[in-house]
J.: 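What follows is a structure written as structure tokens; I'll ask about it next.
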Amino acid sequence: MAEKRAIELLEAKIQELRELNKMEEIDMSSEIARLAEKLEALKIDTYSNLSDWERVKIARHPERPYALDYIDKIFTDFYELHGDRLIGDDRALLVGLAQLQGKPVVLLAQQKGRSTEENKQRYFGMPRPQGYRKAKRIMALAERFSFPLISLIDTPGAYPGLEAEEFNIGGAIANNLLAMAKLPTPTIAVIIGEGGSGGALAVGVADRVLMLENATYSVISPEGASAILWKDKGKTRQAAQALNLTAEHLLKLGVVDEVIPEPLGGAHKDPQKTVASLKEVLIRHFAEVCNTPLEELLSARYKRYRSFGCYRTLSDR
Amino acid sequence: MAEKRAIELLEAKIQELRELNKMEEIDMSSEIARLAEKLEALKIDTYSNLSDWERVKIARHPERPYALDYIDKIFTDFYELHGDRLIGDDRALLVGLAQLQGKPVVLLAQQKGRSTEENKQRYFGMPRPQGYRKAKRIMALAERFSFPLISLIDTPGAYPGLEAEEFNIGGAIANNLLAMAKLPTPTIAVIIGEGGSGGALAVGVADRVLMLENATYSVISPEGASAILWKDKGKTRQAAQALNLTAEHLLKLGVVDEVIPEPLGGAHKDPQKTVASLKEVLIRHFAEVCNTPLEELLSARYKRYRSFGCYRTLSDR
Amino acid sequence: MAIFKEKHYLRVKLDKETDESLWMQCKSCGELVFKRRVRENNNICPYCGEYFFLTAKERIESLIDEGSFTDISKPIMAADPLLFQDTKPYPQRIEEAQQKTGLADAIIIGNAAISGIVVVVGVMDFRFIGGSMGSVMGEQICHGMEEAIRNHYPFILVSSSGGARIQEGILSLMQMAKTSVVRARLAEQRLPFISVMTYPTTAGVQASIASLGDVIIAEKGAMIGFAGRRVIKGTIAEELPPNYQTDSFALEHGSIDRVANREYLREELSNVLRFFVRQ
Amino acid sequence: MAIFKEKHYLRVKLDKETDESLWMQCKSCGELVFKRRVRENNNICPYCGEYFFLTAKERIESLIDEGSFTDISKPIMAADPLLFQDTKPYPQRIEEAQQKTGLADAIIIGNAAISGIVVVVGVMDFRFIGGSMGSVMGEQICHGMEEAIRNHYPFILVSSSGGARIQEGILSLMQMAKTSVVRARLAEQRLPFISVMTYPTTAGVQASIASLGDVIIAEKGAMIGFAGRRVIKGTIAEELPPNYQTDSFALEHGSIDRVANREYLREELSNVLRFFVRQ
Ligand SMILES: [Zn+2]
Ligand SMILES: [Zn+2]
């Protein structure tokens with residue numbers, strides 16, 4: 001996109017002028033203000049009509065804030081717990097205790113790597129059965145001590161591999177769905193990046209599902225859908241559009257309760273601002289669920305999931 | 001033992017005479033009766049004062065009835081269930097549904113192999129984490145459907161191996177102890193052969209613990225104790241004696257509720273008779289536990305295990 | 001995700017010309033077989049033992065006491081919430097599938113008896129868009145479990161599905177959660193759920209309701225797993241064992257309880273049901 | 001099973017002549033170190049960082065707020081229910097261990113505060129017959145958990161044990177079940193149990209109470225596992241990885257939550273306790 005290049009150039013220019021402004025006698029603030037205005041207009045032009053496929057790319061942007069970036073800034077005292085007590089530990093799905101607003105919570109966090117080395121360890125953010133079962137173990141802890149549970153979702157999907165199949169990854173996901181359906185404690189899921197199919201849902205059944213503006217959540221990746229439905233790997237843009245995988249669509253479909261705004265151009269353009277938005281929304285919902293009687297939460301959770309779907313009665317035909 | 005050889009010769013002789021008796025006109029029944037009497041006396045002499053080490057050898061006798069032999073004859077409709085839903089299946093610890101006296105029960109059965117090939121599959125009766133976790137899974141089924149649980153114990157111990165450690169066999173055993181402590185359904189454990197330490201106890205926490213006369217149950221094998229305490233692999237006889245691992249001792253210590261008599265010389269001398277004894281005792285206890293209110297069972301189970309141990313108060317000193 | 005090409009699995013291939021005829025050719029051994037004979041033989045080739053696909057109705061017939069079936073499916077069919085269009089519009093796919101199968105969607109729910117034990121049974125039909133789970137299948141499965149709860153019957157689900165239905169997007173994904181929350185209620189009521197996995201039980205169906213059976217029985221020759229061979233080969237370039245995601249792989253790795261030959265599946269079900277139903 | 005030779009683990013070896021002296025020699029780096037300095041340094045060699053064994057009392061000192069400890073152990077000691085005799089009679093072993101350690105058995109139970117949070121803590125002492133769990137240890141652990149229940153305190157257990165005590169035979173094995181049934185009560189009361197595994201936490205102790213923590217923290221350098229290297233080598237002749245049964249092996253294979261250096265263990269405990277205790 002030519003617009004993106006123009007935005008970058010303009011940003012650089014403004015930065016230069018700001019530096020000059022500090023160092024020299026000459027006052028350039030009116031020039032800076034004018035340029036900033038232009039930049040804003042250009043950004044709105046460029047970003048406010050992002051296609052779904054462009055949002056997919058933003059959701060996957062390598063500089064996008066990852067789970068630990070939010071945990072760092074929104075929670076205190078994150079105390080990671082390791083291991084499923086069965087097979088191993090998984091670095092793509094972290095679990096632990098933390099404080100939110102002075103209250104202890106259990107965190108589930110899908111975490112991608114920044115470097116190649118880190119991505120190797122974290123399997124590019126694709127959890128294995130070890131991760132899902134670690135999550136299930138920590139749900140039991142949440143239940144025993146009535147800790148609310150908060151999931152941060154950001155995964156291309158569960159890890160596809162021989163070992164994962166040997167360790168029954170499908171069964172691991174299924175059992176998490178069941179566990180989260182019943183978990184007698186308030187639960188919130190936040191989709192912060194990629195919500196990759198069953199691999200995301202396995203930690204995403206909750207009383208509140210929140211979603212960043214440019215995050216995606218889908219039954220299949222646009223690449224996958226393109227290959228299967230169009231028998232053509234290149235139809236990712238159309239597939240993304242067809243899948244209704246953006247926050248806006250998901251809000252309309254009732255899958256998501258609230259969309260958390262991102263800075264123009266995406267969360268990575270201003271991580272601090274993104275963190276602040278997410279924190280505000282999360283804390284509001286957190287207070288709500290914590291103040292709702294558990295029976296009510298569970299019954300509402302049941303109704304929410306029981307009612308998903310859209311079909312016609314045959315007399316409509 | 002020379003006596004054993006004599007017994008075998010005498011048995012063979014009597015058998016020959018019986019054959020003759022059938023085929024010929026001559027009546028040999030009085031000779032047969034006399035010999036049978038002698039045989040009985042010799043057997044009592046030989047077997048009624050078995051040393052503990054001799055009982056260990058009987059408990060490990062390759063012709064001794066194994067779990068499936070009892071299941072075959074005492075239960076009906078054995079329906080084996082496989083797999084821990086996590087990693088794999090274990091052939092040293094079988095689980096399944098069956099009927100006892102027309103009531104559905106859950107069975108846990110440690111099973112040794114008869115042939116080398118079978119022993120390879122069954123790891124010589126030493127369960128791996130897959131087995132213990134399969135047992136734990138089936139306990140959840142017993143809980144959900146209020147099926148009484150019956151364990152048949154016969155293992156040299158949990159399998160010692162790298163993979164078993166990688167899959168946290170210690171944790172698997174510990175979690176079974178916890179699960180059996182709480183299991184809200186009647187439970188009976190029967191030690192039919194070797195009760196090998198934690199590997200046996202992991203399916204042996206129960207409302208009733210029954211034990212065949214020549215079975216053993218011990219914190220460590222005589223070989224292990226000999227090597228550790230005497231620094232000498234040859235002290236197995238002494239170690240067996242010192243460990244108090246026979247049914248008679250365990251009854252006195254309160255670990256076992258009833259000893260099931262075996263034919264002279266051991267269960268393998270007359271499997272049918274052994275099965276019949278076991279069945280009689282098992283069914284009696286089964287009726288008792290099934291007729292006891294669950295709250296009472298659980299409270300008695302708690303008291304039973306809470307009270308194990310023997311110590312002096314320091315003022316005794 | 002319905003990631004399988006149908007043609008790969010449709011092992012019974014009828015010559016267009018002889019479609020109405022009495023004969024079919026076995027894809028496995030090449031023999032020409034009398035169709036009725038195949039049908040009477042649970043759609044197993046009498047020459048080589050190859051299992052042909054069963055439609056949902058054939059599956060029901062082969063599992064339950066004759067004449068005991070009542071269809072209690074909800075009278076619903078797929079909507080098109082996303083106005084989904086790939087190479088064709090979704091409604092057209094639905095209509096074609098309905099015409100091909102005579103079904104409203106990829107599952108039938110019914111009351112039936114198995115060796116005299118009354119159950120609620122759900123049976124998927126792979127011919128209907130790869131047996132994929134969209135809103136209709138999710139709703140029907142929940143409806144089946146609720147009927148089981150209402151009448152205190154066991155619930156049996158026979159899966160044959162490539163996974164979630166892409167054309168309903170996220171709503172298909174949500175069926176995994178939806179069926180799980182209702183499955184939790186079935187468990188609370190202490191009613192048994194027997195899951196039967198057939199060829200194929202994969203992706204979103206294997207990773208939800210099908211794996212949540214109190215007892216899981218696979219039909220011999222089933223395919224069971226989450227990520228298909230192609231996906232793994234594509235992503236990871238790993239060498240896969242020849243029995244990858246077969247019934248024997250699943251049994252060996254502990255994700256199912258039993259494997260049964262098709263001709264014994266009915267007996268298998270009646271054997272296991274007897275433990276859960278006081279008669 | 002106490003399957004370890006003590007001498008293998010007693011890394012602090014004092015010269016008989018200098019036993020009462022102010023100096024000791026580090027077995028790892030060979031340096032002569034001022035004993036008080038080692039003591040003040042959590043029994044870590046100031047030269048090479050080697051961890052020396054901590055007695056139960058030293059461990060308590062290193063973990064809790066100064067002066068906050070009250071010994072609440074039951075006033076009991078081992079009986080000799082089996083009249084056990086190997087190369088010596090069991091009572092003689094007990095007496096020797098008591099004289100060596102000044103303890104009644106291989107564990108101390110107390111009330112203490114960690115960063116101001118009051119807890120019940122149990123600490124094992126490996127010098128006492130390899131930290132083995134017999135009737136006394138089992139009873140003391142249960143007593144500790146019951147005190148925690150009575151006063152609504154968290155329970156902390158610091159393990160250092162080769163396993164069950166052979167000399168009490170089956171009664172030692174039963175302590176695995178005994179501690180488990182009481183642990184279940186602690187859970188019912190929703191009281192936290194933090195298990196700390198140190199060198200070594202193996203066999204019957206690892207296969208029961210030590211593995212049942214809500215959170216399991218290993219001290220760096222811990223040995224954690226069920227069957228010792230010798231047993232496996234003896235039975236199976238398998239090649240074992242160099243980190244077999246170390247803290248890193250346990251972490252990698254998911255059987256523990258965290259590993260902490262000895263000098264941070266107190267902070268680690270205070271960090272985790274804060275989640276469970278409303279202040
Ligand atoms: Zn054929
Ligand atoms: Zn040193």
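Just so it is clear: chains get the letters A, B, ... in the order the sequence lines come, proteins before strands, and each one is counted from 1. No hydrogens, no waters, no symmetry mates; every other heavy atom, side chains included, goes into these values.
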J.: Just wondering, do B:R306 and D:V182 contact through their side chains at under 4.5 Å, heavy atoms?
T.: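 Yes, side chains in contact.
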
J.: Among the options D:G138, D:C142, D:S172, D:A210, pick out the one with the most heavy-atom pairs lying under 4.5 Å from chain B.
T.: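 It is D:C142.
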
J.: So, do D:M77 and B:Y311 sit near enough that their side-chain heavy atoms are less than 4.5 Å apart?
T.: no

J.: Is D:E146 in contact with chain B via its backbone, its side chain, both, or neither, using a 4.5 Å heavy-atom distance?
T.: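 The side chain, not the backbone.
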
J.: Under 4.5 Å from any heavy atom of chain B, what part of D:Q175 do you find: side chain, backbone, both or neither?
T.: side chain

J.: Tell me whether the count of non-hydrogen atoms from other residues, nucleotides or ligands lying under 6.0 Å of NZ in D:K57 goes above 12.
T.: no

J.: Any idea which heavy atoms bring D:S208 and B:L177 closest together, and the distance?
T.: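 Taking every non-hydrogen atom into account, CB-CD1, 3.9 Å.
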
J.: How about CD on D:E96, more than 12 heavy atoms from neighbouring residues, nucleotides or ligands closer than 6.0 Å, or not?
T.: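 Atom CD in D:E96 is crowded, with more than 12 foreign heavy atoms closer than 6.0 Å.
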
J.: Taking all heavy atoms of D:A164 and all of B:V219, pick out the closest pair and write down the distance.
T.: CB-CG2, 3.5 Å

J.: Taking D:R229 first and then B:E165, would you say they form a salt bridge - that is, a charged N and a carboxylate O separated by under 4.0 Å?
T.: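 B:E165 and D:R229: not salt-bridged.
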
J.: Need one label for B:F167: side chain, backbone, both or neither, based on atoms under 4.5 Å from any heavy atom in chain D.
T.: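 No part of B:F167 comes within 4.5 Å of chain D.
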
J.: Provide the closest heavy-atom pair for B:V205 versus D:A177 in the form atom of the first, atom of the second, distance.
T.: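 Nearest pair, atom of B:V205 first, then D:A177: CG2-CB, 3.9 Å.
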
J.: Hey, are the side chains of B:L229 and D:T87 touching, using non-hydrogen atoms and a 4.5 Å cut-off?
T.: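 B:L229 vs D:T87: side chains apart.
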
J.: Please find the pair of heavy atoms, one from B:G171 and one from D:Q206, that lie closest to each other, and give the distance.
T.: N-NE2, 4.0 Å

J.: Would you say the side chain of B:L243 lies within less than 4.5 Å of the side chain of D:L82, judging by non-hydrogen atoms?
T.: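 No; the side chains remain at least 4.5 Å from each other.
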
J.: Tell me, for D:K88 versus chain B, whether the close heavy atoms (under 4.5 Å) come from the side chain, the backbone, both or neither.
T.: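 No part of it gets close to chain B.
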
J.: Can you tell if the side chain of D:P75 reaches within under 4.5 Å of the side chain of B:T313, non-hydrogen atoms only?
T.: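 Answer no - side chains too far apart.
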
J.: Any side-chain heavy-atom pair from D:V181 and B:K303 closer than 4.5 angstrom?
T.: no

J.: Any chance you could measure D:S135, atom OG, to B:R312, atom CZ, to the nearest 0.5 Å?
T.: 12.5 Å

J.: Check for a donor-acceptor pair, side chain of D:K178 on one end and backbone N or O of B:F308 on the other, with a separation under 3.5 Å.
T.: yes

J.: So which part of D:A78 gets closer than 4.5 Å to some heavy atom of chain B, the side chain, the backbone, both or neither?
T.: backbone

J.: Rounded to the nearest 0.5 Å, what separation is found between the CD atom of B:Q241 and the CD atom of D:Q85?
T.: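 Interatomic distance, B:Q241 CD to D:Q85 CD, rounded to 0.5 Å: 12.5 Å.
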
J.: If I compare all heavy atoms of D:P81 with all of B:C310, which pair ends up nearest, and what's the gap?
T.: CB-SG, 3.8 Å

J.: Please round to the nearest 0.5 Å and tell me the distance separating atom CZ of D:R185 and atom NZ of B:K182.
T.: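 Output value for this atom pair is 12.0 Å.
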
J.: Is the closest side-chain heavy-atom distance between B:L253 and D:L171 below 4.5 Å?
T.: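 Answer yes - side chains close enough.
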
J.: Let's test your reading of the structure: which of B:V255, B:D232, B:N176 forms the most heavy-atom pairs below 4.5 Å with chain D?
T.: B:V255

J.: Quick one: pull up CG in B:L162 and OH in D:Y244 and give me the separation to the nearest 0.5 Å.
T.: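 So the gap between those two atoms works out to 6.5 Å.
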
J.: What is the distance from atom CD of B:E166 to atom CD of D:E252, rounded to the nearest 0.5 Å?
T.: 8.0 Å

J.: Taking all heavy atoms of B:L201 and all of D:L173, pick out the closest pair and write down the distance.
T.: CD2-O, 3.4 Å

J.: Go through the atoms of D:Q167 and report whether side chain, backbone, both or neither lie under 4.5 Å from a heavy atom of chain B.
T.: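 The side chain, not the backbone.
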
J.: For the atom pair CG (B:N168) and OG (D:S211), what is the distance rounded to the nearest 0.5 Å?
T.: 5.5 Å

J.: Check whether any side-chain heavy atom of D:I170 sits under 4.5 Å from a side-chain heavy atom of B:L250, and report yes or no.
T.: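 Side chain of D:I170 against side chain of B:L250, heavy atoms only: contact under 4.5 Å found.
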
